[in-house]
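Here is the structure we will look at.
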Amino acid sequence: MAFPGTKGTAIPMTSLGGNSGTEGMNDQEQAMIKMMQRGMESCPIKTVISGTMGFGLGGAFGLFMASMSYDSTFTPQGRAIADLPWREQVRRGFKDMGARSWSSAKNFGIVGALYSGTECCIEGLRAKNDLTNSVAAGCVTGGILGAKAGPQAAAFGCAGFAAFSAAIDAYMRMPGDE
């Protein structure tokens, strides 16, 4: 398509305001970008990425929380640890930090993967991206996480996680102060 003043040369549509972010890239780079975009729209890949990110965040959170906990010498456990040699105290501290970090990492990873996968599937089924997807995914995730403790816990988990998801998603969808 030629426009006045272009002397018959074709102008790609991306230079006319349809900026796809791929100007100046060769065909191989553009194909790689398209493949990455398709991958990020895939529910299994979103689920794996969310689970991995949750695992990492949970590990860091568990490590931080374990490093902040301490045993007071006023408790029997605290007195028992205080009576140990310094090296044994450090060894037990690191062992506890590792165990707590691993536990938090697993839990955060499971929650992240479960929520993200559920939300992606619901979004695919509804063909919409709105607050309802977050609320429904939160309810399903909370219900699954609370199911072991019985139906009442599953219902409370559903309600609690749905409310939390709605609050976070509503906040994220607020117009920015630009």
Side-chain angles (χ1 to χ4, degrees), residues 32-33 35-78 80-82 84 86-126 128-174 176-177:
M32 182 64 83
I33 296 290
M35 182 184 72
M36 291 168 69
Q37 287 173 341
R38 279 193 308 267
M40 289 305 297
E41 293 172 1
S42 164
C43 287
I45 291 177
K46 279 184 182 179
T47 302
V48 168
I49 289 172
S50 294
T52 303
M53 299 280 288
F55 186 86
L57 180 65
F61 181 75
L63 187 66
F64 175 75
M65 293 305 290
S67 69
M68 290 292 139
S69 72
Y70 60 90
D71 286 323
S72 169
T73 55
F74 299 120
T75 64
Q77 297 88 0
I81 290 174
L84 294 172
W86 181 80
R87 281 187 180 217
E88 182 63 20
Q89 289 179 20
V90 171
R91 187 186 72 73
R92 285 191 184 185
F94 281 134
K95 187 175 180 180
D96 181 51
M97 287 170 67
R100 287 192 194 187
S101 180
W102 179 253
S103 176
S104 287
K106 286 190 308 185
N107 291 336
F108 274 59
I110 288 169
V111 170
L114 185 60
Y115 176 79
S116 177
T118 304
E119 184 182 36
C120 187
C121 289
I122 291 171
E123 184 176 326
L125 287 171
R126 295 186 66 234
K128 288 182 183 180
N129 183 356
D130 59 6
L131 192 62
T132 304
N133 296 344
S134 297
V135 173
C139 181
V140 170
T141 302
I144 290 172
L145 294 174
K148 274 188 184 178
Q152 187 177 11
F156 279 118
C158 170
F161 214 107
F164 180 73
S165 299
I168 295 297
D169 200 21
Y171 177 77
M172 296 300 287
R173 291 176 185 271
M174 285 175 44
D177 296 329

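In this chain, residues are counted from 1 in sequence order.
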Contact list for residues 145-165, test side chain to side chain donor-acceptor pair (under 3.5 Å), sequence neighbours left out: none

Should the pair Arg91-Glu88 be classified as a salt bridge under the 4.0 Å nitrogen-to-oxygen rule? yes

What residues, two or more places apart in sequence or in another chain, satisfy disulfide (SG to SG under 2.5 Å) together with Cys121? none

Which residue pairs pass the ring pair (Phe, Tyr, Trp, His ring centres under 6.0 Å) test when at least one of the two sits in residues 132-157, sequence neighbours left out? none

Taking side-chain contact (heavy atoms from CB on, under 4.5 Å) as the test, write out the residues that go with Arg126, two or more places apart. Ile122, Lys128, Asp130, Thr132, Asn133

Contacts of Ser103 that satisfy side-chain contact (heavy atoms from CB on, under 4.5 Å) - sequence neighbours left out: Asn107

What is the minimum heavy-atom distance between [X] and [Y], and which atoms define it?
X      : Y      : value
Thr118 : Ala137 : CG2-CA, 3.8 Å
Thr141 : Tyr115 : OG1-CA, 3.3 Å
Cys120 : Ser42  : SG-C, 4.5 Å

Donor-acceptor list for residues 47-64 side chains, cut-off 3.5 Å, not counting sequence neighbours:
residue: Thr47; atom: OG1; partner: Cys43; partner atom: O; Å: 2.8
residue: Ser50; atom: OG; partner: Lys46; partner atom: O; Å: 3.0
residue: Ser50; atom: OG; partner: Ser116; partner atom: OG; Å: 3.0
residue: Thr52; atom: OG1; partner: Val48; partner atom: O; Å: 2.8

Donor-acceptor under 3.5 Å (Gln89 side chain, Leu84 main chain): yes

